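Let me begin by presenting the structure, written as structure tokens, before commenting on it.
Small disclaimer: the values here were computed from a predicted structure and weren't measured.
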2 protein chains.
Amino acid sequence: MSDPPLRADARRNRARILAAAAEVFDAHGTSASTEEVARTAGVAIGTVFRHFPTKADLLTALMKDLQERLAGRAAALAEEGDGTALFTFFAEVVEYAAGARTVVHLLAVDVGVDRQVAALGAAVEVLLARAGEAGTVRAGVRADEVTALLAAACHGALAAGWTPDLRHRAVARLLDGLRP
Amino acid sequence: MSDPPLRADARRNRARILAAAAEVFDAHGTSASTEEVARTAGVAIGTVFRHFPTKADLLTALMKDLQERLAGRAAALAEEGDGTALFTFFAEVVEYAAGARTVVHLLAVDVGVDRQVAALGAAVEVLLARAGEAGTVRAGVRADEVTALLAAACHGALAAGWTPDLRHRAVARLLDGLRP
DNA sequence: CTAAATTATGAGTCATCACTCATCTTGTCA
DNA sequence: TGACAAGATGAGTGATGACTCATAATTTAG
């Protein structure tokens with residue numbers, strides 16, 4: 001069921017390609033060419049297609065990376081058990097989205113940050129439960145609402161014209177709607 | 001300063017093209033080809049380019065239409081002077097965005113719903129002022145925050161996976177953050 | 001160290017578009 | 001109605017970009 005291990009150079013190139021893809025898509029959007037990714041990775045175009053038969057596969061791999069990192073962070077925050085962990089997580093994700101602009105943006109448009117963020121649903125539920133116990137969240141707030149607002153805020157954060165200040169104020173207002 | 005009036009057939013075709021563009025871009029996104037728009041309009045490709053020298057020009061024209069309609073609606077609501085006009089407007093715009101999915105979506109990505117929505121800034125300020133007088137809005141809320149949240153909600157509304165029910169609840173939470 | 005298998009290379013293919021232009025059609029106005 | 005200008009037509013152009021494949025270079029097992 002498991003494929004034979006990759007050759008050393010193949011493993012190295014795969015990592016380089018992923019790093020290059022993150023950089024290129026972040027800078028020029030998902031419409032950037034696969035060739036540009038290959039150039040940035042210092043690899044031939046054919047190599048990129050050997051590892052990721054389709055451009056979508058490349059995007060998907062990037063997305064998986066992102067999700068794992070975010071889910072990990074959510075778990076770590078939940079661990080601490082603080083009633084404000086949900087709010088912290090929310091703000092952090094939005095900040096991340098604002099920084100990694102294009103990656104998140106394009107994932108949103110082309111593959112679905114939404115599906116992405118939705119995959120974090122379980123993590124959000126845990127955080128919401130913690131907040132509920134601590135009484136830091138308004139009664140009746142459901143996890144899917146929180147997830148939806150998070151997705152919307154990420155979309156907004158990577159929109160042109162959102163200064164850091166505006167972003168912080170907007171997120172604050174948004175979180176106000178969740179507080180008792 | 002004003003161009004000579006268009007010939008009758010030219011006026012008719014222009015209107016047909018705009019209608020077709022709205023329909024096609026709504027169904028297949030802005031990446032739909034200009035040829036598809038021409039076909040839907042029942043017109044040759046050259047005719048589209050005569051009226052809109054660039055695909056971006058076509059998108060812009062569509063956007064201008066949209067903005068005028070929204071600004072008009074905002075003015076009408078402000079006229080009524082009710083303290084809840086801001087909230088009504090907010091919810092209506094999000095509902096519209098959810099329906100006209102791709103048009104708004106693509107405008108957002110390619111030309112900027114954000115710039116678009118920002119152009120409604122003046123309208124929002126008036127509505128916010130009304131709400132302030134009526135005491136229906138939390139003290140310290142600024143117009144740019146409202147506009148930002150509106151843009152975010154529109155982005156969210158056209159995301160996959162937002163059912164009407166979820167959309168309504170999310171918007172309600174969002175507006176809760178603006179209330180006293 | 002050598003052979004076989006895996007991987008890398010990059011010029012080339014094919015499809016898709018935005019956009020052009022020489023030619024034909026139609027509206028307008030005297 | 002006739003003639004001229006404005007507009008319509010659609011095959012063609014050039015650019016771009018995803019993806020292929022025959023060949024060359026590496027890695028690794030024995």
Between [N] atom [atom2] and [X] atom [atom1], what is the distance in whole Å?
{"X": "B/Phe25", "N": "C/dA18", "atom1": "CZ", "atom2": "C1'", "result": "11 Å"}
{"X": "B/Arg12", "N": "C/dT25", "atom1": "CZ", "atom2": "P", "result": "17 Å"}
{"X": "A/Ile17", "N": "C/dT7", "atom1": "CD1", "atom2": "C1'", "result": "11 Å"}
{"X": "B/His51", "N": "D/dA6", "atom1": "NE2", "atom2": "P", "result": "14 Å"}
{"X": "B/Arg7", "N": "C/dC29", "atom1": "CZ", "atom2": "P", "result": "11 Å"}
{"X": "B/Ile45", "N": "C/dC21", "atom1": "CD1", "atom2": "P", "result": "15 Å"}
{"X": "B/Glu36", "N": "C/dC17", "atom1": "CD", "atom2": "P", "result": "9 Å"}
{"X": "A/Arg39", "N": "C/dG10", "atom1": "CZ", "atom2": "P", "result": "13 Å"}

Proximal nucleotide (of [options]) relative to the [X] side chain:
{"X": "A/Asp9", "options": "D/dT26, C/dT9, D/dT9", "answer": "D/dT26"}
{"X": "A/Ser33", "options": "D/dC19, C/dA8, D/dG17", "answer": "D/dG17"}
{"X": "B/Lys55", "options": "C/dA18, C/dG27, D/dT20", "answer": "C/dA18"}
{"X": "A/Phe49", "options": "D/dA18, C/dC19, C/dT28", "answer": "D/dA18"}
{"X": "A/Arg50", "options": "C/dA8, D/dC19, D/dA8", "answer": "C/dA8"}

Q | salt_bridge(B/Asp9, B/Arg12) N-O dist < 4.0 Å | A |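 No salt bridge links B/Asp9 with B/Arg12.
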Q. Any side-chain N or O of B/Asn13 less than 4.0 Å from the OP1 or OP2 oxygen of D/dG7?
A.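 The answer is no; no side-chain N or O of B/Asn13 sits under 4.0 Å from OP1 or OP2.
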Q. So what does A/Ala32 touch, heavy atoms closer than 4.0 Å: a base, only the sugar-phosphate, or nothing?
A.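 It contacts sugar-phosphate atoms only.
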Q.
For a quick check of understanding: with a heavy-atom distance under 4.0 Å over all strands, which category does A/Thr47 fall into, base, sugar-phosphate or nothing?
A.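 Touches a base.
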Q.
I need the single residue from A/Thr88, A/Leu86, A/Asp82 that forms a side-chain contact (heavy atoms from CB on, under 4.5 Å) with A/Leu127. Which is it?
A.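 Single side-chain contact (heavy atoms from CB on, under 4.5 Å) partner of A/Leu127 among A/Thr88, A/Leu86, A/Asp82: A/Leu86.
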Q) Of B/Arg11 and B/Thr54, whose closest DNA chain C nucleotide lies nearer the 5' terminus? A)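 It is B/Thr54 whose nearest nucleotide is closer to the 5' end.
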Q) More than 12 non-hydrogen atoms from neighbouring residues, nucleotides or ligands closer than 6.0 Å to CD on A/Glu79, yes or no? A)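 Not buried by this count: 12 neighbours or fewer within 6.0 Å.
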Q: With DNA chain D as reference, determine whether B/Gly46 or B/Leu6 sits nearer its 5' end, using the nearest nucleotide of each.
A: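 Its nearest nucleotide lies further toward 5', so the answer is B/Leu6.
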Q.
I want to confirm an ordering. Mapping B/Ala10 and B/Glu35 to their closest nucleotides on DNA chain D, which one lands closer to the 5' end?
A.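 The answer here is B/Ala10.
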Q) Backbone N or O of A/Leu166 within a donor-acceptor pair of the A/Thr163 side chain at under 3.5 Å? A)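 Such a contact is found between A/Thr163 side chain and A/Leu166 backbone.
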Q. Are A/Phe25 and A/Phe49 grouped together when hydrophobic residues (ILVMFWY) are joined by side-chain heavy atoms under 4.5 angstrom apart?
A.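 A/Phe25 does not cluster with A/Phe49.
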